[in-house]
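The sequence lines fix the lettering, A, B, ..., with proteins before strands; numbering per chain opens at 1. Model, not experiment: these values are computed from the prediction.
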Number of protein chains: 2
Amino acid sequence: MKKEINITEVARKAGVSTATVSRVFNNSGPVKESTRKKIEKIIEETGYRPNILARELADKKTHLIGLIVHDMRGEGIPRSITGVSTVLEENGYNLLIACSNGNINSEIKHFEIFRSKRVEGILFATKEFKKEHRELIKSLPIPVVVMLQDTEKEQISYVTFDNYNFGKESAQKLIDLGHKQFAVVGGPMHSVNSEQRKKGVLDAVSENGIAISPLLIRHGDYSIEEGYIQTNKMLAAGTSFTALIAINDGMAIGAVNCLQDHGIRVPEEVSVLGLDDTVLAKASRLELSGVYYSYSELGKESARLLLKQIQADEFQFDKYIVPYTINLRESVAKRRHV
Amino acid sequence: MKKEINITEVARKAGVSTATVSRVFNNSGPVKESTRKKIEKIIEETGYRPNILARELADKKTHLIGLIVHDMRGEGIPRSITGVSTVLEENGYNLLIACSNGNINSEIKHFEIFRSKRVEGILFATKEFKKEHRELIKSLPIPVVVMLQDTEKEQISYVTFDNYNFGKESAQKLIDLGHKQFAVVGGPMHSVNSEQRKKGVLDAVSENGIAISPLLIRHGDYSIEEGYIQTNKMLAAGTSFTALIAINDGMAIGAVNCLQDHGIRVPEEVSVLGLDDTVLAKASRLELSGVYYSYSELGKESARLLLKQIQADEFQFDKYIVPYTINLRESVAKRRHV
DNA sequence: CTGAAAGCGCTAACAA
DNA sequence: TTGTTAGCGCTTTCAG
């Protein structure tokens with residue numbers, strides 16, 4: 001195993017001082033052309049690479065950002081990470097990643113490790129934002145930006161999607177198409193994002209003076225299977241509906257499958273819309289309607305917000321809401337037989 | 001912005017030397033109970049966290065692993081990363097990630113950066129393994145493990161799937177079901193993984209004395225759309241087939257869609273198999289057959305291999321082939337009308 | 001049981 | 001144009 005060579009070694013071989021080598025490497029001062037050449041030759045020959053740690057220790061800048069995520073399955077987070085990575089690279093920062101698997105102890109541990117590693121800021125995505133998180137983050141001497149959660153009331157900087165509003169606007173679109181009987185398949189009730197979307201939907205509905213049966217509000221775990229199961233239960237309930245909104249596209253697919261298995265035509269009899277628009281939407285035969293929001297953009301903005309705070313050397317509360325687009329496709333139609 | 005406090009500061013406040021504080025923090029030497037208590041109190045009060053950089057500089061161990069990937073869309077790589085992350089965490093290592101977007105200059109740059117950051121080893125996933133990669137890696141003073149590529153002939157350690165064999169075995173299964181007329185939708189021809197799978201399929205076919213028309217060997221970019229388009233072209237060619245193998249499940253879905261649009265029943269008239277088994281396979285109405293291999297396992301094994309080399313302090317060539325399972329489901333049937 | 005001091009590799013201020 | 005030196009924060013002998 002070859003060893004890395006250090007600056008002293010290079011200096012010795014070149015018969016100069018370390019300061020001169022440093023000047024050559026960083027172009028940080030005048031060096032006579034001949035000595036520069038000589039040193040460059042040695043660097044070339046030895047394959048010398050400065051030990052950045054030493055430099056970082058000296059000027060107390062690591063150019064390191066820590067990212068803690070709870071899960072990397074699903075297409076959202078990886079795309080966000082790509083966005084983060086892009087912006088960091090443009091700014092000469094590196095990315096330290098930890099995956100907590102939703103375990104709060106693991107999250108806390110990684111905040112600690114990252115702090116010890118002297119990252120200059122932390123990006124944090126968790127399933128559920130708890131009091132412990134708030135306290136931990138408030139006690140940190142470096143800025144933190146929360147991703148995919150609304151931490152407005154904790155006054156911690158965040159970047160997220162406009163869950164409430166696109167939920168509301170989506171429902172309004174269906175209402176505008178004449179729909180009056182709704183069914184909703186929400187996500188897990190402890191998920192803030194899912195609940196916000198659901199609230200948007202329900203608010204739109206009630207603001208239009210439409211009632212919705214509690215039997216037609218169900219919850220699933222985002223999977224295709226659950227979409228199927230919950231839709232099945234709603235059909236069994238016997239209360240009819242002409243529009244179904246699922247909190248994500250996986251469950252929307254399950255819903256379509258279930259409806260079709262019951263001989264119910266989509267969209268002629270029931271329109272289906274997912275509040276989400278991932279690769280899954282494209283896999284289904286029927287072109288599924290959905291709401292698109294860019295995870296990559298979310299990652300980029302999160303990184304930008306964080307770098308801004310690092311550069312400003314202060315943590316002002318800040319936030320960014322990523323825009324969305326509602327894509328109505330095959331699975332949605334005007335209500336018939338009005 | 002609060003500042004991080006250092007060991008000297010703690011020592012001063014406690015009225016002891018830095019050596020003693022260090023001993024307390026690391027439990028690395030005898031300390032009188034009363035002084036220990038005193039120091040622990042100060043640590044608690046000040047929230048002191050040692051600067052790991054300094055420690056790392058001192059003992060030349062960063063406990064850092066670098067990971068360079070070309071792309072994080074798709075479900076494979078993120079799952080691999082999770083696997084890597086799990087193993088590294090168990091072993092007290094941290095993960096530095098860079099996304100190259102398949103750009104070779106970016107890849108090289110990150111090898112450089114990681115080396116300067118004194119990572120102890122590098123995991124590398126790229127689309128196409130080039131001569132430049134080989135040379136760069138051979139010149140590095142730290143071990144590298146290549147993921148998702150067979151770098152046997154370059155004698156660089158790697159972890160990958162058994163592409164050739166599962167391609168071959170899958171085709172054999174269909175042959176055993178009586179199929180004699182095959183169609184194949186391969187991936188991009190420059191993709192080694194895809195070509196290996198294809199070769200496996202073709203070898204199985206020819207070893208069984210079956211001929212396959214060149215018109216029924218096509219290539220697509222892995223997307224559902226391309227699966228559709230290429231299948232369409234094969235149907236247009238007029239040569240009939242009873243079994244279609246797509247190099248991944250996305251294209252298999254496209255193929256199924258296309259066949260059904262032509263009124264061809266799956267699997268009654270044509271069996272369809274994807275050499276891949278992701279979330280997409282589950283999204284299709286028809287239960288798609290596929291080959292499953294664990295990306296998470298791939299990540300874990302890659303990390304283990306790398307750590308082993310780091311600990312052994314030598315780069316012996318090593319490799320690991322992740323096992324697979326062939327899952328025949330609804331989309332595959334015995335050949336009828338034999 | 002505790003402290004003084006050297007050293008990890010590099011940068012930057014100050015001299016020469 | 002170049003070298004000397006101090007110092008970044010920590011660990012680790014070596015003395016006491």
Engineer: Indicate, with yes or no, if the rings of B/His133 and B/Phe124 have centres closer together than 6.0 Å.
Structural biologist: yes
Engineer: Would you mind telling me which residue lines up with the more 5' stretch of DNA chain C, B/Ala54 or B/Ser34, judged by nearest nucleotide?
Structural biologist: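 Its nearest nucleotide being more 5', the pick is B/Ser34.
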Engineer: For B/Gln316, I'd like to know if atom CD has over 12 heavy atoms of other residues, nucleotides or ligands within 6.0 Å.
Structural biologist: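 Result for CD/B/Gln316: enclosed.
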Engineer: Check the distance between C/dC10's C1' and A/Lys60's NZ and give it to me in whole angstrom.
Structural biologist: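 Atom-to-atom, A/Lys60 to C/dC10, this comes out as 15 Å.
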Engineer: Check for me whether the distance between the ring centres of A/Tyr320 and A/Tyr158 falls short of 6.0 Å.
Structural biologist: no
Engineer: Would you mind classifying the nucleic acid contact of B/Asp59 as base, sugar-phosphate or nothing, using non-hydrogen atoms under 4.0 angstrom?
Structural biologist: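 B/Asp59: no heavy atom of the nucleic acid under 4.0 Å.
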Engineer: Can you tell me the distance, in whole Å, between the CD1 atom of A/Ile39 and the P atom of C/dC10?
Structural biologist: 13 Å
Engineer: Can you check the A/Ile5 CD1 to C/dC8 P distance for me, whole Å?
Structural biologist: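 These atoms are roughly 14 Å apart.
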Engineer: Which part of the nucleic acid, if any, lies within contact of B/Phe25, taking any heavy atom under 4.0 Å across all strands shown: a base, the sugar-phosphate backbone alone, or nothing?
Structural biologist: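 No contact at all - B/Phe25 keeps every heavy atom at 4.0 Å or more from the nucleic acid.
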Engineer: What's the separation between atom CG in B/Asn193 and atom OG1 in B/Thr160, rounded to the nearest 0.5 Å?
Structural biologist: 5.0 Å
Engineer: Figure out the CZ/C1' separation between B/Arg55 and D/dG9, and round it to whole Å.
Structural biologist: 11 Å
Engineer: How close or far is atom P of D/dT1 from atom CG of A/Asn27, stated in whole angstroms?
Structural biologist: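 One finds 13 Å between P of D/dT1 and CG of A/Asn27, rounded.
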Engineer: At under 4.0 Å between heavy atoms, what does A/Pro50 touch on the DNA or RNA strands: base, sugar-phosphate, or nothing?
Structural biologist: sugar-phosphate
Engineer: Which whole-number value in Å describes the distance from B/Arg23 CZ to D/dC10 P?
Structural biologist: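 After rounding, the reported distance stands at 15 Å.
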Engineer: Using a strict cut-off of less than 4.0 Å between a Lys/Arg side-chain nitrogen and an Asp/Glu carboxylate oxygen, indicate whether A/Glu4 and B/Arg115 qualify as a salt bridge.
Structural biologist: yes
Engineer: At 4.0 Å (heavy atoms only), tell me whether B/Thr35 reaches a base, stays on the sugar-phosphate, or touches nothing.
Structural biologist: sugar-phosphate
Engineer: Does a nitrogen or oxygen in the side chain of B/Ser22 sit under 4.0 Å from OP1 or OP2 of D/dT11?
Structural biologist: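 Yes.
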Engineer: Send over the distance from A/Leu53 CG to C/dG9 C1', rounded to a whole Å.
Structural biologist: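 Rounded to the whole Å, the gap is 9 Å.
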Engineer: Between A/Val31 and A/Thr18, who's closer to the 5' end of DNA chain D by nearest nucleotide?
Structural biologist: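 Closest to the 5' end, via its nearest nucleotide, is A/Val31.
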Engineer: With nearest nucleotide decided by heavy atoms, which residue, A/Ala19 or B/Val16, maps closer to the 5′ end of DNA chain C?
Structural biologist: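 Result: B/Val16.
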Engineer: Given D/dT2, is OP1 or OP2 found less than 4.0 Å from the side-chain N or O atoms of A/Ser17?
Structural biologist: no
Engineer: Hey, is the side chain of B/Asn6 poking within less than 4.0 Å of OP1 or OP2 on D/dC8, counting only N and O atoms?
Structural biologist: no
Engineer: Over how many whole Å does the gap from B/Lys61 atom NZ to D/dT11 atom C1' extend?
Structural biologist: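 So the NZ-C1' distance, B/Lys61 to D/dT11, works out to 15 Å.
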